[in-house]
Amino acid sequence: MSKTPQRVRGTQDIFGEDADRFQAVVSAFDRVRRLYAFRRVEMPVFEETQVFARSIGETTDVVSKEMYSFEDRGGDSLTLRPEFTAGICRAYLSNGWQQHAPLKLVTHGAAFRYERPQKGRYRQFHQLDAETIGAGEPAADVEIIAMGAQLLDELGISERVELKLNTLGDPATRDAWRDALVEHFRGHRNDLSEDSRARLEKNPLRILDSKAHQDWPIVDAAPTVDDFLTAEASDFFAAVTSGLDAAGVKWTRDPRLVRGLDYYRHTAFEFVTEDLGAQSAVLAGGRYDGLMESLGGPHTPAVGWAAGIERLGMLIDSPWQERPEFVLVPMGSDAEIFCGGFIADLRRRGVYCDMAYRGSLKKRLQRADAAKASYAILVGEDELAAGEVTIRSLKSGEQLRRSVAEILKGPIGGRTFTLVSLTHGLDGIANTL
RNA sequence: GCGACCGUAGCUCAGUUGGUUAGAGCAUCGGUUUGUGGUACCGAGGGUCGCGGGUUCAAGUCCCGUCGGUCGCCCCA
């Protein structure tokens, strides 16, 4: 057993291609959210425990077992955010953001749940989050789902995911449906799995997505929400589905898709995949019109979703790795000093470059090659004496001498000028100076 | 919290029915070439075989425990 500190369970050191994947997901998210006119917010990583405890209501198991809660030095109970929604709602209430309603927001970052790690599931994980607060119109549901769909499309994984959609109706619908479900499952109590018999008392809606095969016939025979939809709830769902159709977002109805908490109303949706083991959801959300009230605020309709960055990162194609255009290769201490200044000049002009400052010339060129740079810039005594550098194409091996003064003639920020003055004449690049 | 499987070099792994001094590839460093990368060849460093106990003449190998990892169950706000 090593004496050095180890990574704590369920955390990740994300490096290399995984880090590139992470960044690719976040970049796509930021691009798409701008297209939909969602504004960026940055939220605290921790909140008073009650922010999350009240948002998840009576499910005390989750509060006590699955939240990262701790006392600070003043004795206050704080909790690392297990998700973004509750914190954003708290901010909406405490900052008077009602004045901006309907407010379209996105954020992303780390979230924390004390769970057993498995594929696509970590204790510190990372989410994208989108919320539209203060909008009760079905158009808000359509817009935010369409944004999720476009994100998945731009990530190139729309073929690997499917949008499942359901409605939970309004409170009257939900209560009636829930009662009917309980009655139905009680009638088949002895045929249910052990887990589902326990769920019958704690969270009967969850029996609908039971993984136990023996439950499936009973689930299939269970009453669906459609039998209990009020006229308003039915109209709302019809507006959402026709809006999605108009937006060209493909969806399938999943009458078993539910949310356990009472504040969820109407729309529930999940983009699911079969490529992530037991974790099928990659982007999921719904309308949570009752949440603000459970936090003590006024009735405020809202809809949102969250998506796991790691899960999305696992699904996308390997992203393009950024590579330097130039690697400087100084030979000798005078050249190293010169290159330290020269590379700063190049970088101020916006050129992505790096310097190989260790080992023999051979080693330095190997490093330039390993970095997948396009060109190496060699500087030794000859070059210094002449006020020049040698540009070597790492593709063709062609080399040319270039005047330092000419390269640096262009303005700060003059990236194109600098690139051309370095590379023209190599690899068929014409001199356009 | 429960279950299954897995822990050997920095990484990926091999290691025979238990049998001498535990191996390979990749990576790292050096050399063939002290101013020329990708390819090739040569060499070097790097391991208390996760940890503890047991069985045995002998344990990387078998048994028990423990810690860690992976996957699944529960849960999924």
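Lettering of chains follows the sequences in order, A, B, ..., and the numbering in each one begins at 1. Just so you know, these numbers use all the heavy atoms, side chains as well, and skip hydrogens, waters and symmetry mates.
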**Request:** Give a yes-or-no answer on whether the side chains of A:T11 and A:R7 include a donor-acceptor pair shorter than 3.5 Å.
**Result:** no
**Request:** Return the 5'-most residue of the pair A:R311, A:R9 with respect to RNA chain B, ranking by each residue's nearest nucleotide.
**Result:** A:R9
**Item:** Same-atom distance (P) from B:U21 to B:A58, integer angstrom
**Value:** 14 Å
**Message:** So if I define the base as every atom that isn't primed, P, OP1 or OP2, how would nucleotides 33-46 of chain B read as a B/S/- string at a heavy-atom cutoff under 4.0 Å?
**Reply:** --BBBB--------
**Request:** Decide, yes or no, whether a salt bridge links A:D215 with A:R197 under the criterion of side-chain N to carboxylate O below 4.0 Å.
**Result:** no
**Asked** Can you name the one residue among A:D254, A:V240, A:L283, A:V249 that meets side chain to side chain contact (heavy atoms under 4.5 Å, CB included) with A:F269?
**Response** A:L283
**Request:** Give me the one residue out of A:K164, A:R259, A:R256 that meets salt bridge (Lys or Arg N to Asp or Glu O under 4.0 Å) with A:E270.
**Result:** A:R259
**Asked** Mind checking the P distance from B:G23 to B:C49? Whole angstroms is fine.
**Response** 14 Å
**Pair A:H108-A:Q127, side-chain donor/acceptor within less than 3.5 Å** = no
**Span that lies between the C1' atom of B:U70 and that of B:C64, in whole angstrom** = 23 Å
**Message:** Applying ring pair (Phe, Tyr, Trp, His ring centres under 6.0 Å) to A:F237 and A:H266, what does each step give before you reach the verdict?
**Reply:** CA-CA 7 Å; A:F237 191 54; A:H266 298 294; 9.3 Å; no
**Prompt:** Taking the side chain of A:Y263 as its heavy atoms from C-beta onward, which of B:G30, B:C73, B:A77 lies nearest to it?
**Reply:** B:A77
**Asked** Whole Å only: how far is the CZ atom of A:R123 from the P atom of B:U70?
**Response** 11 Å
**Asked** Think A:Q118 has a side-chain N or O under 4.0 angstrom from the OP1 or OP2 of B:G72?
**Response** yes
**Item:** Pair A:R364 + A:E336, salt bridge at N-O below 4.0 Å
**Value:** yes
**Request:** Round to the nearest Å and state the distance from A:D262 atom CG to B:A77 atom C1'.
**Result:** 13 Å
**Item:** Test item: side-chain donor near acceptor, A:S193 and A:S196, under 3.5 Å
**Value:** yes
**Item:** Integer-rounded Å distance: B:A77 C1' and A:L80 CG
**Value:** 15 Å
**Message:** Rounded to whole Å, how long is the line connecting atom CG of A:D209 with atom C1' of B:C75?
**Reply:** 11 Å
**Asked** Mind checking the C1' distance from B:G69 to B:U8? Whole angstroms is fine.
**Response** 15 Å
**Item:** A:F338 and A:F342 aromatic ring geometry - parallel, tilted or perpendicular at 30°/60° bounds
**Value:** parallel
**Prompt:** Is a side-chain donor-acceptor pair under 3.5 Å present for A:T85 with A:E131?
**Reply:** yes
**Complete:** By nearest-nucleotide position on RNA chain B, the 5'-leaning member of A:G277 and A:V8 is A:V8
**Complete:** When rounded to whole Å, the CD to C1' distance for the pair A:Q127 and B:C76 reads 11 Å
**Item:** Ring geometry between A:Y288 and A:Y264 (parallel below 30°, tilted from 30 to 60°, perpendicular above 60°)
**Value:** perpendicular
**Prompt:** Can you find a donor-acceptor N/O pair under 3.5 angstrom joining the side chain of A:R121 to the base of B:C75?
**Reply:** yes
**Message:** Taking B:G15 as the reference, what is the distance to B:G72 when you measure between their C1' atoms (whole Å, please)?
**Reply:** 30 Å
**Under the 3.5 Å Watson-Crick or G-U criterion, the dot-bracket string of RNA chain B, with | for inter-strand pairs** = (((((((..((((.....[...)))).(((((.......))))).....(((((..]....))))))))))))....
**Distance below 4.0 Å between A:K119 side-chain N/O and B:G72 OP1 or OP2** = no
**Asked** Taking atom types as modelled, is there a side-chain donor on A:Q124 or A:Y68 under 3.5 Å from an acceptor on the other?
**Response** no
**Message:** Please tell me whether A:E17 and A:S318 have a donor and an acceptor in their side chains that are separated by less than 3.5 angstrom.
**Reply:** yes
**Asked** On a whole-Å scale, what distance lies between the C1' atoms belonging to B:A27 and B:C13?
**Response** 14 Å
**Message:** Students often get this wrong, so: under 4.0 angstrom with heavy atoms, is A:Y375 touching a base, only sugar-phosphate, or nothing?
**Reply:** nothing
**Asked** Between B:U70 atom P and A:L276 atom CG, what is the distance in whole Å?
**Response** 15 Å
For nucleotides 1-4 of chain B, list the nitrogen or oxygen atoms of the protein found under 3.5 Å from its nitrogen or oxygen atoms, one pair per line.
{"from": "B:C2", "atom 1": "N4", "to": "A:R116", "atom 2": "NH1", "distance (Å)": "2.7"}

**Request:** For A:R7 and B:G10, give me the distance from atom CZ to atom P, rounded to whole Å.
**Result:** 16 Å
**Prompt:** Rounding to the closest angstrom, what is the interatomic distance between B:G43 and B:U20 at atom P?
**Reply:** 25 Å
**Message:** Measure CZ/A:R199 against C1'/B:C74 and give the value in whole Å, please.
**Reply:** 8 Å
**Item:** Whole-angstrom distance between B:C62 and B:G1, as gauged at atom P
**Value:** 28 Å
**Asked** Base, sugar-phosphate alone, or nothing: which one does A:A278 contact when heavy atoms must sit under 4.0 Å apart?
**Response** sugar-phosphate
